[in-house]
Amino acid sequence: MSDSWQGPGARDPQGLSTGSGWGQQARPSEQGQQPDRAPRQGRQQPYPARDARQQPYQGHPQERHAYAHPPRQHVHPHPHPPEQAHQAEPRAESAERAEAPEAPEAEAAAPEVAAPEVDAETSGSRRQARRRARGKDGVRDGARDGARRRRRRRGGLLKVVAFCVVTAVGSLILLRGNELLDRLGTPTAPDKAAETPAPEPPDPGRVLQVIAHPDDDLYFMNPDLRYSISAGSPVTSVYLTSGEADGINAGSAKAATTKPDKPAYAEARQNGIRAAYAKMATGDRGSPWTRTVVPTKGGGHAEVDVLMAKPQVNLVWLQLREAGTVYETAPNSLHGLWDGKIPRLDSMLASGTPVKQPFSYSKDQVVQTLVGILEQYRPTTVRSQDPTPGRYPDTKRYTDHQDHFYGARFVQLATAAYAKDVTDRPHFAVQNYAGYINGSLPSALDPDEAKEKLDILGTYAWLDRQNHCNSPAGCGDLKISDQPGGNRWSDSINYARGTSTNWLTSDAQQGLWAFKVLDGQVAVWHRAGPAGRWKGPDLLPGTGMDPGVSTVTLADGRTAVFGTRTSFGAKPTDYRREVVHAVQKQPGAEQFTEWQSLGTPETADENWTSDISAPAVSVDGTGQLAAYVRDGAAGLRGRVQQPDGSWGPWEKYGGTDLHGSPATATDGAGRRMVFAATSKSVVGWTQPTPGAPLGQVTATGLPDTTLPLTADGREGGVRLWFRKPGSGNVRTALITGEGGLKVSQMTDLGGLQGFGSVTASGHLLAGRTAGGQLGSEAGSGRPWERSPLLFVGAPSSTMTGKGLVSLAVVGLDARLYVTSSADVPNAHLAPWQPVGPRNAPPSLPSPASPTSPASGPAPAAP
């Protein structure tokens, strides 16, 4: 349609490229394409050369607009494993099958080859040969028996050696995946190598961030935003509201004497965001932008800004009215629109924006506008704020700005509609970010990362007051200039969910299973046995799944998958989150049951919230399965499965000030232990005996820690891993349960700073490092190593057999990557293996998505 949001990658139902929407509106002759007000000395053309732009996309000649991203070869993506390794797997696998099984037979036959050498033809007669074989003492039987025993021992030894060789080959196949198979099966002659086609460039993924206010991205999604931009990933940030607040762009000293001007303050915040993104992408806050008007699928218009020096960085301004208050009722807001208090929400256009015509949106039009953006940019990673932040127990007020979480709920609706209605798209993962609550939690970032984050916020806050943007409205947000770090928000970053590290698991046949949420469904990847081919992603039926799932192996060997699911209804109060699980129909089978609901300990969203954590699940020594969540009152709740397969009620286990998701594991005696982080320490629960109810909540005495906890049964107890606040170092402690919880062996393991969950299996530790890549320690005493992968959520690892550890992440391209290591000291990780096809049509340009801003009602509210 002529007024729908469709870009150069859009197609009509017949698959034909369209020339409507963005393309017609974005031409400078029609909407007055506006460059920003930065200095123009030596300004370059806003678009790449025409032939380069047309190479990946042969669309309508009129489609020359703000979404003019360069073709993929012009973006310098973050390195991923080469595709040729994956493509060479069938050849190498057949070579391995043909050669490896022959080893035992060939080597076992070796002793038998020597016998015919002592033959009558050599001595002249068989009798002489037998006499020589007996020796002068004539002890024929003893010698023959000794020879047989020697042959058996030698044959047995060689069979063992052959078995070890085969096992080693299988292990190498598992460790190095298709890359090693390619090396084993490919001749090294130059003429043969020349025939191998060049690998397809790796896809860095496309990030789309949707935030409520200009600066929410800088406060709550950084440093992930900076990592993505630095890696060359296309990044687009979408700002739902203008963040006009009270219209006073001044610090506390001048606030009383500054005249309110909401359009001008909205422009100043835009100028600050452009400066911050330009600095992150180019090092120059004055790097120019191209600013253009595009029609939206919801019937309004948006401003789209493209960074000329890095066209893969885009900003999309929807410019709706903000609430103007953190907690109080404000009908003219996203909250009021969601609840039906108003039928439409008006725009609040910034001064200086190329959008000149005011508009308003209904609830459905906001959703359709976001769907149109998703269709245009085709992201593989969607970032948004936390849709269910919870409430403070004492005041019952929400722990976050109402624009933040109601904006995130609009994103939930939009991604669900996009996943359902748009089929010609890549898979995408979703990451939610905690907001204001970060200021009450231990600092998650090390000093260097926190300083980098604060420096970018200082650029946004326009601390030097230099008019680098040539705008009378100002070049940044002076409201936060007194305290650019906010309420310690510059010190932290926390994922609202998706922190579980047990989504990768192995089965009795050493096969591997990985479970992650893509497109709002649980995706399954499977490799049969230690050297089978990977399959997936296959999506389990059932939509509405929230980021982050956990797995557990049941007593009969089946795998059970647990997560939470969000559902929407006709009324706002129908918004609901519940715990669900699916179980393998048979051990090792690829079929799972339908999702079964365990409900929720919260009665209704309007009474408390649907702020329940992702479930933690474990099986105790009696085979009893249990699931635990942090509830909306910041306590621990759980359900236990009964012997007949039914589930008991949601039990209250106590605890206060719990944050994040709990962690659980079983000790050497089969007792289940559960742990949860508070703002000051870690608390725990344990069964006195397997099969018994959990005991009382117990203080562990551990120091404060950043939120994610990882638990694993070992050394007779349960070992915990967590991060040291303000450092990123990995810490560990052993917890035993005999006679109650006891903590010992508290150790600081160092690391590469970073933040988030740490996965642990065997000798292997892995987690996000400063810079966003995966860091790992594969053997005690070895220095930590850094991989090139940027990834979504948490890594996961599992023991595969008795001597191997497998490790997996899902990259920003929503693709699974796996590696392995021998479970021995001083081990190394094998090269990463991408699983499945590339997650993007290579013929279309890849729009980019930066990250988004934050709140800003009154001076204290970003």
Salt bridge (charged side-chain N to carboxylate O under 4.0 Å, His left out) pairs, two or more places apart, involving residues 451-464
Arg285-Asp464, Lys451-Asp455

In Å, rounded to the nearest 0.5 Å, how long is the span from OG1 of Thr769 to CG of Leu774?
7.5 Å

Using only atom types and a distance under 3.5 Å, with no angle test, would you say the side chain of Ser443 pairs donor to acceptor with the backbone of Pro725?
no

Shortest non-hydrogen contact from Ala414 toward Leu374
O-CD1, 3.9 Å

Less than 4.5 Å apart, any side-chain heavy atom of Trp317 and any of Val355?
no

Aromatic plane relationship, Phe428 with Tyr418 - under 30° parallel, 30 to 60° tilted, over 60° perpendicular:
tilted

Side chains of Asp482 and Ser252: donor-acceptor distance under 3.5 Å anywhere?
yes

Considering only heavy atoms from C-beta outward, does the side chain of Leu318 approach that of Val238 to under 4.5 Å?
yes

Note: Ser384 and Val411 closest approach over all heavy atoms is CB-CG1, 3.9 Å

Flag side-chain contact, heavy atom, 4.5 Å: Leu240 against Val210:
yes

Check step by step if side chain to side chain contact (heavy atoms under 4.5 Å, CB included) holds for Leu349 and Ser242.
CA-CA 7 Å; Leu349 300 182; Ser242 290; over 6 Å; no

With side chains defined as the heavy atoms from C-beta onward, is the minimum distance between Phe755 and Pro223 less than 4.5 Å?
yes

Would a 4.5 Å heavy-atom cut-off, applied to side chains only, mark Met280 and Lys310 as touching?
no

Side-chain donor/acceptor of Arg768 to backbone N/O of Gly756, under 3.5 Å
no

Any donor-acceptor pair under 3.5 Å from Asp403 side chain to Gly407 backbone
no

Here the pair of heavy atoms bringing Gly243 nearest to Arg269 is O-NH1, 2.6 Å

Is there a donor-acceptor pair under 3.5 Å between the side chain of Arg815 and the backbone N or O of Gly205?
no

Please evaluate residues Val294 and His301 with respect to the criterion side chain to side chain contact (heavy atoms under 4.5 Å, CB included), reporting the C-alpha separation (whole Å), side-chain torsions for both, the decisive distance (0.1 Å), and the verdict.
CA-CA 6 Å; Val294 295; His301 289 84; over 6 Å; no

Regarding Asp477 and Tyr460, do their side chains bring together a donor and an acceptor under 3.5 Å, going by distance alone?
yes

Atom pair CZ (Arg383) and CE (Met221), whose distance is rounded to the nearest 0.5 Å
8.0 Å

Rounded to the nearest 0.5 Å, the CH2 atom of Trp489 sits from the OH atom of Tyr436 at a distance of 5.0 Å

Spacing of Leu518 atom CG and Asn839 atom CG [to the nearest 0.5 Å]
7.5 Å

Considering the options Asn438, Asp386, Asp224, which one meets the side-chain hydrogen bond (donor to acceptor under 3.5 Å, both in side chains) requirement together with Tyr433?
Asp224

Test item: Leu478 and Thr258 side chains (from C-beta on) under 4.5 Å apart, heavy atoms
no

Expected output: side-chain Gln431 to main-chain Gly793 donor-acceptor under 3.5 Å:
yes

Charged N to carboxylate O under 4.0 angstrom, Glu267 versus Arg291?
no

Using only atom types and a distance under 3.5 Å, with no angle test, would you say the side chain of Thr282 pairs donor to acceptor with the backbone of Asp284?
yes

Give me the atom names and distance for the closest heavy-atom approach of Pro447 to Gly726.
CD-O, 3.3 Å

Within the side chain of Gln385, is there an N or O that forms a donor-acceptor pair under 3.5 Å with the backbone of Gly435?
no

So, Lys479 and Asp246, do they make that salt bridge, N to O below 4.0 Å?
yes

At their closest point, which heavy atom of Val326 faces which heavy atom of Asp400, and how far apart are they?
CG1-O, 4.3 Å

Assess the residue pair Glu322 and Lys262 against the criterion (salt bridge (Lys or Arg N to Asp or Glu O under 4.0 Å)); give the C-alpha distance rounded to whole Å, side-chain angles, the decisive distance to 0.1 Å, and a yes or no.
CA-CA 11 Å; Glu322 73 143 275; Lys262 291 186 177 183; over 6 Å; no

Side-chain contact, heavy-atom cut-off 4.5 Å: Val306 with Thr292?
no

First locate atom CG of Leu454, then atom CG of Leu445, and finally report the distance between them rounded to the nearest 0.5 Å.
11.0 Å

Do Tyr817 and Phe791 have their ring centres less than 6.0 Å from each other?
no

Under 3.5 Å, is there a donor-acceptor pair between the side chain of Ser490 and the main chain of Ala450?
no

Leu441 versus Arg488: any side-chain heavy-atom pair under 4.5 Å?
no

Identify the two heavy atoms, one from Arg723 and one from Thr706, that lie closest to each other, and give their separation to 0.1 Å.
CB-OG1, 2.9 Å

Rounded distance (nearest 0.5 Å) linking atom CD of Gln773 with atom CG of Leu790:
5.5 Å

Side chain to side chain contact (heavy atoms under 4.5 Å, CB included) assessment of Val430 paired with Val382:
CA-CA 5 Å; Val430 173; Val382 176; 4.2 Å; yes

Under a 3.5 Å cutoff, is there a donor and acceptor pairing between the side chains of Ser727 and Asp446?
no

Distance-only, no hydrogens or angles: does the Ser481 side chain make a donor-acceptor pair with backbone N or O of Ala461 under 3.5 Å?
no

Side-chain donor or acceptor of Asp261 paired with backbone N/O of Ala266 under 3.5 Å:
no

Side chain to side chain contact (heavy atoms under 4.5 Å, CB included) between Leu208 and Thr381: does it pass, once the steps are laid out?
CA-CA 6 Å; Leu208 184 94; Thr381 295; over 6 Å; no

